[in-house]
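A quick write-up on the structure given underneath.
Numbers restart at 1 for each chain; the letters A, B, ... are given by sequence-line order, proteins then strands.
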Amino acid sequence: MPKKTIKGILLDVDYVNKSGKSTIRLFVKEKQGIESYEDPEFRPFFFVTVNDEAKAEKDLKAAVFGEGAKIDSIKKVEKSNAEHVLKLSFKTVQDLVISRKEVTGFPNTIDKNEHDIPFASRYLLDKRLEPMNGIELIVEGNKILEAKTYEVKNPEFRAGAFDLETHSPGRFSDPKKDPILMISFALPEKTIVLSHGKEFKDKNTEVFDNEIKMIDAFTEKVKHENLDIITTYNGDSFDFPYIKERATRFDSKFAISSDGSEPKERSKGRDTAIKLVGIQHLDVYQMLRFLSRFGVVSLIKFDLESVVERLYDVKKEKIKAEEINAIWEKGEGLDRLANYCAEDSIYTLKMAYQYLPLVSELCKIVKQPVFEVGRASASMLVEYLIMAKCGETKRLVANKPDDYAIQQRMMNPIKGGYVKEPEPGLHENLAVLDFSSLYPTIMISHNVSPDSLGCKHKECMENVSPNKHYFCKKKKGLMPSILESLFEKRMKIKKEAKKLDKSDPKFALLNARQHALKILLNSFYGYLGYSRSRFYSRECASAITAWARQYVQWVGKEAENAGFNLLYSDTDSAFLIIPKGKKGKDVEAFVEKINKQLPGVMNLELEGFFKRGIFVTKESGEGAKKKYALIDYKGNLKIVGFEYVRRDWSLIAKDTQKAVIDAVLSEGNPDKAIKIVKAKIKELKEGKTKNADLIVFTQIKRRLDKYDAIGPHVAAAKKAVAKGKEIGVGSVIGYIITKSGKSISDKAQLQEYVKEGNYDSDYYIGHQLIPAVIKIMRELGYSKEDLIHGGKQHKLSQFF
DNA sequence: TAATTCGCTAGACCGA
DNA sequence: TCGGTCTAGCGAA
């Protein structure tokens with residue numbers, strides 16, 4: 001058969017068992033659609049370390065595991081961090097799985113390694129192939145002879161979203177009984193709705209005779225659109241399993257994968273994910289959870305309506321299950337329902353497209369498909385990077401720790417950053433300095449890595465952390481070399497982005513790339529100190545924080561020596577008061593001087609100048625850490641740590657606090673602040689405050705029966721459950737403190753059960769509004785009484 | 001199933 | 001009714 005060269009975008013990898021062999025398949029997006037190619041040469045394998053290669057090889061060769069599993073081939077391999085290593089290859093993944101359980105029981109084998117790395121993932125890592133990037137294949141028929149990645153700057157992907165409305169007669173929908181009423185299908189250029197057996201005015205709704213005809217038509221439409229990515233909102237747990245089950249009930253199949261197969265369930269810890277082959281299923285709900293862990297998005301509640309409101313400031317209509325049933329049964333309002341269904345798909349698609357550049361970049365860097373990355377954790381991303389590097393440098397990947405080791409690690413936390421207690425009160429003329437990417441740059445600059453630790457070279461004795469750990473100066477460690485390449489890429493991209501206008505579409509792309517790199521850079525330190533990490537190192541993690549504390553305190557001291565006052569410092573930052581007679585230029589010169597003395601890629605940055613700032617006093621009389629507000633010379637407020645930024649405070653408290661901070665910092669007008677507070681107290685007392693301003697949001701973090709202390713949120717949740725509401729672990733509930741009850745917990749009710757006006761005004765004044773505001777006003781000499789009864793004029797003029 | 005530590009604050013609970 | 005201790009949640013970095 002003739003050889004030919006294929007170029008396309010790599011979307012996916014999996015394996016199938018074919019003539020008794022697990023065979024890797026790659027799915028490549030080409031002009032005509034998604035094609036698959038096979039690599040029958042790549043075998044599942046893992047490593048064992050042994051005492052005596054010859055003896056072990058002999059034993060293992062003859063061994064039969066389970067009911068007939070055998071090792072296909074054994075090869076002695078060289079590893080840079082281990083001796084006497086054998087590579088065991090298998091015909092199938094199933095053989096490997098059976099064998100790995102028993103192999104360590106053999107007399108000459110000591111340990112096994114890399115036995116728990118999924119076959120398909122490992123293929124991409126070993127072959128250095130990047131999903132969502134270009135791939136060049138040399139093939140014979142559909143057999144892969146060679147595969148390599150090439151850079152495609154901005155590949156376009158065709159995505160579609162779908163959403164179901166289902167019947168739920170007085171209970172949660174059950175796919176075994178309850179039909180799908182509608183399916184919406186959104187594409188970049190149009191959205192359609194499919195339904196059955198009813199009449200619709202809207203021409204975008206296609207009506208079929210019955211449910212299965214609708215489902216089959218939908219299946220055909222999806223296939224016809226040649227999508228690269230199909231997105232859902234919670235399709236992992238709802239839409240996919242549901243439609244699959246419905247199709248099965250009617251002896252049909254929802255087979256939309258690129259190889260003609262049905263969606264498959266894949267367990268991802270406690271939940272199941274739905275995996276398609278080739279075409280990538282991106283569950284936007286999962287993706288947003290993932291992104292929120294890295295602070296890419298900041299979301300309180302993860303239901304679609306809340307998310308859309310937060311991201312796009314759009315109040316989307318929510319039609320509840322009972323109403324859906326009523327509309328369907330009576331046949332009134334069907335178009336409205338169809339529109340609602342369509343909107344869900346439209347917004348799901350919109351979010352998918354918005355964050356796809358970031359997810360794609362992560363896919364390229366960690367060499368895993370969208371399906372994996374869209375549901376990954378920080379530790380998994382770091383692990384992919386480390387495993388790829390281990391492969392490149394012929395290192396054996398460390399095993400996961402056992403439960404005992406995990407326990408030991410957890411019982412022994414690693415000392416973290418240094419936080420200086422601030423001088424409370426108003427301060428003028430500030431400069432804020434901070435180290436850019438402090439922990440990663442320490443790792444790079446001091447070569448902090450498990451494999452460079454405890455070096456005995458003479459010159460390495462100079463590279464010692466404040467807590468006395470030595471790191472090699474001669475040979476770059478595993479982690480620093482990964483970090484350095486990520487760091488350099490990021491610097492280069494940031495430089496490029498700086499040249500562009502922010503509205504330039506190229507800018508958004510570069511921004512996504514640098515953001516992806518930043519996420520990964522910042523995850524390494526956490527991974528080193530993470531109890532379940534394969535590469536946990538107390539020594540490394542504690543050396544990093546020890547250096548960090550030393551550097552940040554050193555900068556503080558140097559600043560004081562240079563004539564500035566050090567107001568505050570937290571982990572990687574220094575807040576300076578610029579005294580009379582000093583200028584911004586002096587700060588710049590100071591930063592420059594510091595940077596000349598910092599090693600390697602470490603860098604102190606001038607974050608900005610601030611006209612004024614406020615730090616507050618704790619109940620104990622000390623200055624409160626991690627709580628401050630600043631205003632710059634353009635009038636921009638920066639509020640940190642205060643109730644204003646916390647979700648577990650009511651809007652009335654938060655907004656009033658912000659108004660007070662604003663009045664004090666930007667206008668220097670505490671009288672105005674007092675007036676604002678008084679007006680709000682009056683409004684609360686008169687029962688005029690709207691429920692929306694009174695809700696306190698809190699997450700239910702465990703099962704309701706697992707709480708020792710029953711706080712208001714738990715009490716409210718329990719009452720709601722008694723009324724038949726479902727509250728899952730991890731859900732965020734909103735409650736209001738009502739008039740009826742003794743303790744605060746007694747009075748707490750879920751917001752949806754509280755009538756307008758039925759709130760405890762004393763609680764909201766005494767426990768929400770005043771505490772939020774008095775913190776600020778106290779620094780200006782006001783007392784609680786001044787807030788309640790009216791302003792007083794004293795000793796403030798000194799500030800203004 | 002799962003990145004880290006530091007820090008603030010509330011409300012419940014307990015004993016005087 | 002008070003103050004101290006503990007649980008719990010969330011934010012900063």
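- Taking atom OH on Y530(A) and atom P on dA2(B), their separation rounds to 7 Å, with Å as the unit.
- Residue N522(A) contributes atom CG, which lies 16 Å from atom P of dT5(B) at whole-angstrom precision.
- Backbone-only contact: S379(A) has heavy atoms under 4.0 Å from sugar-phosphate atoms and none from a base.
- When distances run from any side-chain atom of Y525(A) to the nucleotides dA12(C), dA2(B), dT4(B), the shortest one goes to dT4(B).
- Within the nucleic acid shown, R409(A) has no heavy atom closer than 4.0 Å to any nucleic acid atom.
- Using a 4.0 Å heavy-atom distance criterion, S745(A) is classed as a sugar-phosphate-only contact.
- For V645(A), the listed nucleotide lying nearest its side chain is dA12(C); candidates were dG7(B), dA12(C), dA8(C).
- Put simply, CD1 on I639(A) is 19 Å from C1' on dA13(C), counting in whole angstrom units.
- The aromatic ring centroids of F290(A) and F294(A) lie less than 6.0 Å from each other.
- A ring-centre distance under 6.0 Å is not found for Y536(A) and Y527(A).
- Contacts of L528(A) with the nucleic acid, taken as non-hydrogen atoms under 4.0 Å apart, are absent.
- Remark: K420(A) fails to qualify as a cation-pi partner of Y568(A) under the 6.0 Å distance and 45° angle criteria applied to the six-membered ring.
- Among dG9(C), dT9(B), dA12(C), the nucleotide with an atom closest to any side-chain atom of K701(A) is dG9(C).
- Residue Y644(A) places no side-chain N or O under 4.0 Å from the OP1 or OP2 atom of dG11(C).
- Note: F471(A) and W547(A) have tilted aromatic rings, judged against thresholds of 30 and 60 degrees for the angle between ring planes.
- Applying the 4.0 Å criterion to OP1 and OP2 of dA3(B), one finds that S531(A) has every side-chain N and O outside that range.
- Nearest nucleotide to the side chain of M380(A), out of dA2(B), dG7(B), dC6(B): dA2(B).
- Within 4.0 Å of I414(A), counting heavy atoms only, lie sugar-phosphate atoms of the nucleic acid but no base atom.
- No engagement by Y536(A) is indicated, since no non-hydrogen atom pair under 4.0 Å with the nucleic acid exists.
- If you check every strand for non-hydrogen atoms under 4.0 Å, Y628(A) touches sugar and phosphate atoms only.
- Rounded to whole Å, the distance from CZ on R538(A) to C1' on dA3(B) is 16 Å.
- Distance, I710(A) CD1 to dC6(C) P: 19 Å, rounded to whole Å.
- Note: NZ (K626(A)) to P (dC6(B)) measures 9 Å, nearest angstrom.
- If you check dC10(C), dG7(B), dA12(B) against the side chain of S743(A), the one that comes closest is dA12(B).
- With dG11(C), dT9(B), dA2(B) as the candidates, the nucleotide lying closest to the side chain of R532(A) is dA2(B).
- Remark: side-chain polar atoms of S449(A) are paired, donor with acceptor, to backbone N or O of M479(A) under 3.5 angstrom.
- Within the structure, side chain to side chain donor-acceptor pair (under 3.5 Å) pairs that include any residue of residues 406-415 of chain A comprise Y404(A)-Q408(A) (at least two apart or interchain).
- Counting only heavy atoms from C-beta outward, the side chains of M387(A) and I117(A) approach each other to under 4.5 Å.
- Closest to the H713(A) side chain, of the nucleotides dC10(C), dA8(C), dA10(B), is dA8(C).
- Nucleic acid contact class of G526(A) (heavy atoms, under 4.0 Å, all strands): base.
- The residue Y707(A) sits close only to the backbone: its heavy atoms come under 4.0 Å of sugar-phosphate atoms, none of a base.
- Along DNA chain B, the nucleotide nearest P413(A) and the nucleotide nearest G623(A) are compared for position; the residue whose nucleotide lies closer to the 5' end is P413(A).
- Picking from dG11(B), dC6(B), dG9(C) the nucleotide with the shortest atom distance to the side chain of R646(A) gives dG9(C).
- Within 4.0 Å (heavy atoms only), K625(A) reaches sugar-phosphate atoms of the nucleic acid but no base atom.
- One interatomic measurement links the two molecules: CD of E643(A) to P of dG7(B), which rounds to 18 Å at whole-angstrom precision.
- Note on K400(A): nothing from the nucleic acid sits closer than 4.0 angstrom, heavy atoms only.
- Residue R702(A) has no polar side-chain atom (N or O) positioned under 4.0 Å from OP1 or OP2 of dT7(C).
- In this structure, M410(A) atom CE and dT4(B) atom C1' are separated by 13 Å, rounded to whole Å.
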